[in-house]
Peer 1: 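Dumping the structure here so I can ask a few things about it.
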Amino acid sequence: MKKIYKYMPYRREFFSNFCLRASQRGVLNDPFELSPAQDLIDKVLRDGLGKDFFEQAEQFSSDANFNEVGVISFTENYNNLLMWSHYANEHKGIVIEFDYEKLGYYFNYKLSMSDTIERVLYNRERYSPLEKGVCVKDLLLTKSDDWIYEKEHRILPKLRDADSVRVDRVLFEQLHDFYDNLYIQLFRVISENDKFITFQVNLDEYERFDNQERDGNSTDDNEEMKFSPSETILNEIYGSLAVMPSSVFLFQLPVDW
């Protein structure tokens, strides 16, 4: 395969920042795909963001790592009428063409993985998240055969690897109330308005945080060292943010493409 495509609404800024969204499970179009923490979402929609959001989200962010993985979707087909309607703002959007090999090489390097672009399998039988031996990847690469016309391919990055994250201002402010300032310093705000704040990981603080942990200045078990200290914190915070559909996780593409 030489070319692969992505439908999207027209966003003028895409042609200057070249960012792709990795969709968390709560915004996937198939209602059976990793159904989100619906009780929490319903509560937020009904009552607004309460001060206990992060306390409630903690129980879902460790839900078999489901909230730690995003989905970047592509297709083999650039002229499907249904997809123009569903994903390109009812035929008013655009389709972006990518070089399959370049895209795969870039994300292989960025995510330190091999074969990052994977084909979705379509099957009438659905995996159950409770089924023994079924992992997040199995669930995210299998869809109902009702969607077979999409001819979809996916990249499944860890959300903590996003280049930037846009969240509701109220949600970001709650981060400061719920987490220690040491953790908040891992983030650097790059833009904001009345409704949203966009931030990046502060790489200097990220490295300093890990060095401090290696020096023995922390008593956290860091998930028994499964991840580095900073990765542990990012998994927890990003997993909580991912519960909200309004949170947007962005991955930067090379500007010289």
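We use all heavy atoms of the structure for the numbers below, so side chains are in, but hydrogens, waters and symmetry mates are not.
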Peer 1: Please report the C-alpha distance between F15 and I96 in whole Å, then the side-chain angles of each, then the deciding distance to 0.1 Å, and finally whether the side-chain contact (heavy atoms from CB on, under 4.5 Å) criterion is met.
Peer 2: CA-CA 11 Å; F15 298 97; I96 304 295; 4.2 Å; yes
Peer 1: Please check if atom CD in E101 has more than 12 non-hydrogen atoms from other residues, nucleotides or ligands closer than 6.0 Å.
Peer 2: no
Peer 1: Who passes ring-ring contact (aromatic ring centres under 6.0 Å, His included) against F251, sequence neighbours left out?
Peer 2: none
Peer 1: Flag yes if more than 12 heavy atoms outside Y100 fall under 6.0 Å of its OH atom; otherwise flag no.
Peer 2: yes
Peer 1: Got a donor-acceptor contact below 3.5 angstrom from the W84 side chain to the K92 backbone?
Peer 2: no
Peer 1: Under a 3.5 Å distance rule, please check whether S85 uses its side chain to pair with a backbone N or O of L81 as donor and acceptor.
Peer 2: no
Peer 1: Start with the C-alpha gap between I155 and E118, add the side-chain angles, then the distance that decides, and say whether side-chain contact (heavy atoms from CB on, under 4.5 Å) holds.
Peer 2: CA-CA 6 Å; I155 296 174; E118 301 191 70; over 6 Å; no
Peer 1: Do F172 and D168 have side-chain heavy atoms sitting under 4.5 Å apart?
Peer 2: no
Peer 1: Which other residues end up in the same hydrophobic cluster as L250, if Ile, Leu, Val, Met, Phe, Trp and Tyr are linked when side-chain heavy atoms come under 4.5 Å apart?
Peer 2: V248
Peer 1: Would you find more than 12 non-hydrogen atoms of other residues, nucleotides or ligands less than 6.0 Å from E90 atom CD?
Peer 2: no
Peer 1: Decide yes or no for R154 and I72: does some side-chain heavy atom of the first lie under 4.5 Å from some side-chain heavy atom of the second?
Peer 2: no
Peer 1: Do other residues, nucleotides or ligands put more than 12 heavy atoms under 6.0 Å from N193 CG?
Peer 2: yes
Peer 1: Take L156 and L141 through the test side-chain contact (heavy atoms from CB on, under 4.5 Å) and record every step on the way to the result.
Peer 2: CA-CA 9 Å; L156 306 177; L141 291 177; 4.0 Å; yes
Peer 1: Does S16 use its side chain to pair, donor to acceptor, with the backbone of E13 at less than 3.5 Å?
Peer 2: yes
Peer 1: Passes side-chain contact (heavy atoms from CB on, under 4.5 Å), F249 versus D163? Steps please.
Peer 2: CA-CA 8 Å; F249 300 85; D163 293 294; over 6 Å; no
Peer 1: Are L111 and Y109 linked, directly or through other ILVMFWY residues, by side chains that come within less than 4.5 angstrom of each other?
Peer 2: no
Peer 1: Would you say that more than 12 heavy atoms from the other residues, nucleotides or ligands in this model lie under 6.0 Å from the NZ of K110, or not?
Peer 2: yes
Peer 1: Would you call H153 and I4 a side-chain contact if the rule is heavy atoms closer than 4.5 Å?
Peer 2: yes
Peer 1: Centre of F196's six-membered ring, under 6.0 Å away, within 45 degrees of the axis: is that where NZ or CZ of R166 sits?
Peer 2: yes
Peer 1: Could you check whether any side-chain N or O of N80 sits under 3.5 Å from a backbone N or O of M83, counting only pairs where one atom can act as donor and the other as acceptor?
Peer 2: yes
Peer 1: Just wondering, more than 12 heavy atoms not from Y149 lying within 6.0 Å of its OH?
Peer 2: yes
Peer 1: Would you say K195 has more than 12 foreign heavy atoms packed within less than 6.0 Å of its NZ?
Peer 2: no
Peer 1: Does a donor on one side chain and an acceptor on the other come within less than 3.5 Å for D146 and S144?
Peer 2: yes
Peer 1: Could you tell me whether the side chain of D145 and the main chain of I148 form a donor-acceptor pair under 3.5 Å?
Peer 2: no
Peer 1: Are a donor atom and an acceptor atom from the side chains of N123 and T142 found within less than 3.5 Å of each other?
Peer 2: no
Peer 1: Using only atom types and a distance under 3.5 Å, with no angle test, would you say the side chain of Q24 pairs donor to acceptor with the backbone of V71?
Peer 2: no
Peer 1: Hey, are E150 and T75 close enough side-chain-wise for a donor-acceptor pair under 3.5 Å?
Peer 2: no
Peer 1: With clusters defined by side-chain heavy atoms of hydrophobic residues (ILVMFWY) lying less than 4.5 Å apart, directly or transitively, does F107 cluster with Y105?
Peer 2: no
Peer 1: Salt-bridged, K143 to E152, with N to O below 4.0 Å?
Peer 2: yes
Peer 1: Taking side chain to side chain contact (heavy atoms under 4.5 Å, CB included) as the definition, give me every residue that meets it alongside D194, ordered by chain and number, with sequence neighbours left out.
Peer 2: none
Peer 1: Can you get from V167 to I190 by hopping between Ile, Leu, Val, Met, Phe, Trp and Tyr side chains that sit under 4.5 Å apart?
Peer 2: no
Peer 1: How would you list, by chain and number, every residue that makes a ring-ring contact (aromatic ring centres under 6.0 Å, His included) with F14, sequence neighbours excluded?
Peer 2: F18
Peer 1: Under a 4.5 Å side-chain heavy-atom rule over Ile, Leu, Val, Met, Phe, Trp and Tyr, are V27 and V243 clustered together?
Peer 2: no
Peer 1: Test: salt bridge (charged side-chain N to carboxylate O under 4.0 Å, His left out). Region: residues 72-84. Which pairs qualify, not counting sequence neighbours?
Peer 2: E76-R119
Peer 1: Applying side chain to side chain donor-acceptor pair (under 3.5 Å) as the test, list every pair that has at least one member in residues 3-12; sequence neighbours left out.
Peer 2: none
Peer 1: Out of curiosity, does L203 fall in the hydrophobic cluster containing Y238 (side-chain heavy atoms, cut-off under 4.5 Å, transitive links)?
Peer 2: yes
Peer 1: List the atom of P245, the atom of R21, and the distance in Å for their closest heavy-atom pair.
Peer 2: O-NH2, 3.1 Å
